[in-house]
Q: 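Quick one: the structure is below, questions incoming.
Just so it is clear: chains get the letters A, B, ... in the order the sequence lines come, proteins before strands, and each one is counted from 1.
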Protein chains: 2
Amino acid sequence: MNNFSLSDFDSLPLSDRDRLLFDQSNTRLTVKKKSKLLNQGDVCPEIYFLRSGLVKLCYHTLDGKEYIKSFIKEGGMFGSLNSVLNNAGSTFSAIALEDSIVDAVAYTRLLNLLSKYPQLHTASLNFFQQLALKKEMREYELLCLSAQQRYEKFCREEAALMHRIKQTDLASYLGITPVALSRMKNKSQILI
Amino acid sequence: MNNFSLSDFDSLPLSDRDRLLFDQSNTRLTVKKKSKLLNQGDVCPEIYFLRSGLVKLCYHTLDGKEYIKSFIKEGGMFGSLNSVLNNAGSTFSAIALEDSIVDAVAYTRLLNLLSKYPQLHTASLNFFQQLALKKEMREYELLCLSAQQRYEKFCREEAALMHRIKQTDLASYLGITPVALSRMKNKSQILI
DNA sequence: GAAAGTCATTAACCGAGGTTAACAAAGTGA
DNA sequence: TCACTTTGTTAACCTCGGTTAATGACTTTC
């Protein structure tokens, strides 16, 4: 997720005019912890680049449950594929878990640049490839691993995130309840 | 998955030399039901276009269990992202569920064409976008829906596939055991 | 610093799905 | 055709995780 960012654009030899347009079309937002950046159901044609902070992307079901798709750390980016590609409502919400700074860029703006600067093609192709790869990994975990195994994997691979995330949110990411996670931690070898 | 195929190449104004190269680098395989097209763990730098038949993509775990990632119908394509992008072993196997005809093309061949024919860039970008979108949908199902709900969704959306797929394979796709699926069918309103 | 909210833990109970096994039905092959 | 394998069904039992609720430790907020 981190190998395509605004810095790809920063390093581009844009014309002065394009540079100006791009910088202008770039909105920097400062958001408070708990505030919503993106609301499930809304059409949101923007791509967000997270400068600092932490954001969760989550589904909300009719019966009020929340399932976390993924966590976005500083340096990461996100946006609603369904909005951007199909002009439809976002399938998920984005909520800040910490006070955060994000840059929002309209996807059409990116597309404009894409058509003008062929160098970007590789970057965007690369981005979607990596996105597909990442999603494939998540699919694998959800399909093949037990909750316990997913927990242990997360502890290993995202150790740095552990202390920034509420147990409730971790449980929701793993697809279990906070109660189940609490029970599991006791039985597990890997603690905290 | 079906909006990018060899026909994208067929309709391209390739030079005679490129056309020849492309057609030559294109291997048509006829495979028997149950045979393996792609072996989990092997590095496989090819993309497969399924002309006819049915293929399952599946993970095999150490304890001998099989989990089905997805089914590929005629017209669909598949390949190991992990091989093609990272030059690493495939995370899954591909096994024919029916006698099938597939065309195999080396990914490097596609990349060559990509660099020569900018029109293909849009097609390949589009392909990876749709792949990401499809994976996102599957992620949603696995994270948010119960086995019962996934079963009913599959019945609705893939009705045509139902009679071509063994119940064991469907169960494996849903992430449950055949026994559980058999039980579920009884309680469910939607039969067969 | 008291009141109100938020989180993690624990216990009791329940249900969905896993496991094993036995059996029936349907393919498959010499 | 007759054995053999592969599939689907059903039952008995068990485990994991969901649900609810009570409790205590924290933060916030005024």
Side-chain angles (χ1 to χ4, degrees), chain A residues 32-35 54 56 58-68 71 95-99 141-155 161-192, chain B residues 32-36 54 56 58-59 61-68 71 95-99 141-155 161-192:
Chain A
K32 280 296 218 183
K33 185 175 168 176
K34 289 188 187 180
S35 64
L54 186 62
K56 67 176 170 183
C58 51
Y59 300 108
H60 292 283
T61 61
L62 291 173
D63 52 335
K65 282 174 194 156
E66 179 181 289
Y67 295 92
I68 295 183
F71 298 105
I95 298 174
L97 293 178
E98 299 172 355
D99 294 347
E141 290 172 20
L142 288 170
L143 187 59
C144 299
L145 302 185
S146 67
Q148 174 92 30
Q149 289 171 315
R150 290 201 294 275
Y151 169 63
E152 287 167 5
K153 189 165 188 284
F154 192 89
C155 290
L161 268 190
M162 288 297 283
H163 66 283
R164 294 168 70 185
I165 295 176
K166 295 267 159 63
Q167 211 161 294
T168 310
D169 282 331
L170 178 53
S172 166
Y173 175 79
L174 297 174
I176 58 178
T177 60
V179 181
L181 178 54
S182 179
R183 272 190 299 228
M184 224 167 56
K185 275 171 61 181
N186 290 338
K187 291 176 192 168
S188 175
Q189 272 63 26
I190 304 172
L191 292 174
I192 298 179
Chain B
K32 280 296 219 183
K33 184 175 167 175
K34 287 188 189 180
S35 64
K36 235 179 210 177
L54 186 63
K56 67 176 170 185
C58 51
Y59 301 108
T61 62
L62 291 173
D63 52 336
K65 282 174 195 157
E66 179 182 288
Y67 296 91
I68 296 183
F71 298 104
I95 298 173
L97 294 178
E98 299 172 356
D99 295 348
E141 290 171 22
L142 289 170
L143 187 58
C144 299
L145 302 184
S146 67
Q148 175 92 31
Q149 290 171 314
R150 290 200 293 275
Y151 169 63
E152 287 167 5
K153 189 166 189 286
F154 191 89
C155 289
L161 269 188
M162 288 297 283
H163 68 282
R164 295 168 70 185
I165 296 176
K166 295 268 159 62
Q167 209 162 294
T168 310
D169 283 331
L170 178 52
S172 166
Y173 175 79
L174 297 174
I176 58 177
T177 59
V179 181
L181 178 53
S182 179
R183 273 189 299 228
M184 222 167 57
K185 274 172 61 181
N186 290 338
K187 292 176 192 168
S188 176
Q189 273 63 28
I190 304 172
L191 293 174
I192 296 178

Q: Between A/Asp169 and A/Phe71, which heavy-atom pair has the shortest distance, and what is it?
A: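 For A/Asp169 versus A/Phe71, the nearest heavy atoms are O-CZ, 3.9 Å.
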Q: Name all residues meeting the side-chain hydrogen bond (donor to acceptor under 3.5 Å, both in side chains) criterion together with B/Lys36; count only those two or more places apart in sequence or in a different chain, and write none if there are none.
A: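 side-chain hydrogen bond (donor to acceptor under 3.5 Å, both in side chains) list for B/Lys36, sorted by chain: B/Asn39.
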Q: Holding to side-chain hydrogen bond (donor to acceptor under 3.5 Å, both in side chains), I want the full list of residues that pass it with A/Ser146, two or more places apart in sequence or in another chain.
A: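 Expected list: A/Gln149.
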Q: CG/A/Leu161 to CG/A/Leu170 distance, rounded to the nearest 0.5 angstrom?
A: 9.5 Å
Q: Any donor and acceptor pair, going by atom type alone, linking the side chain of B/Ser172 with main-chain N or O of B/Ile68 inside 3.5 Å?
A: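 Present.
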Q: Say you draw a straight line from CD of B/Glu141 to CZ of B/Phe154; how long is it, rounded to the nearest 0.5 Å?
A: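 Reported to 0.5 Å precision, the distance equals 9.5 Å.
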Q: Heavy atoms only: give me the nearest B/Lys33-B/Leu97 pair and the separation to one decimal.
A: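 That would be CG-O, 3.4 Å.
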Q: Rounded at 0.5 Å granularity, tell me how far CD in A/Gln167 sits from CE in A/Met162.
A: 8.0 Å
Q: For the helix from C/dG1-D/dC30 to C/dA30-D/dT1, what is the angle between the axes at its two ends, each from 5 pairs, rounded to 10°?
A: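 Computed angle between terminal axes is 50°.
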Q: To the nearest 0.5 Å, tell me how far A/Tyr151 OH sits from A/Leu145 CG.
A: 15.0 Å
Q: Identify the two heavy atoms, one from B/Cys58 and one from B/Ile95, that lie closest to each other, and give their separation to 0.1 Å.
A: SG-CD1, 4.1 Å
Q: Using chain B heavy atoms and a threshold of under 4.0 Å, write down where along DNA chain C the contacts begin and end, 5' to 3'.
A: C/dG17 to C/dT28
Q: Pull out every residue in residues 166-182 of chain A that has a heavy atom closer than 4.0 Å to any atom of DNA chain C, ordered by number, or say none.
A: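 Output list: A/Lys166, A/Gln167, A/Thr168, A/Val179, A/Ser182.
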Q: Going 5' to 3' along DNA chain D, which nucleotides are the first and last within contact of chain B (any atom under 4.0 Å from a heavy atom)?
A: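 The contacted stretch runs from D/dT7 to D/dA12.
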Q: How close do A/Leu174 and A/Arg150 get, heavy atom to heavy atom, and via which atoms?
A: O-NH2, 2.6 Å
Q: Say you draw a straight line from CD of A/Glu98 to NZ of A/Lys56; how long is it, rounded to the nearest 0.5 Å?
A: 12.5 Å
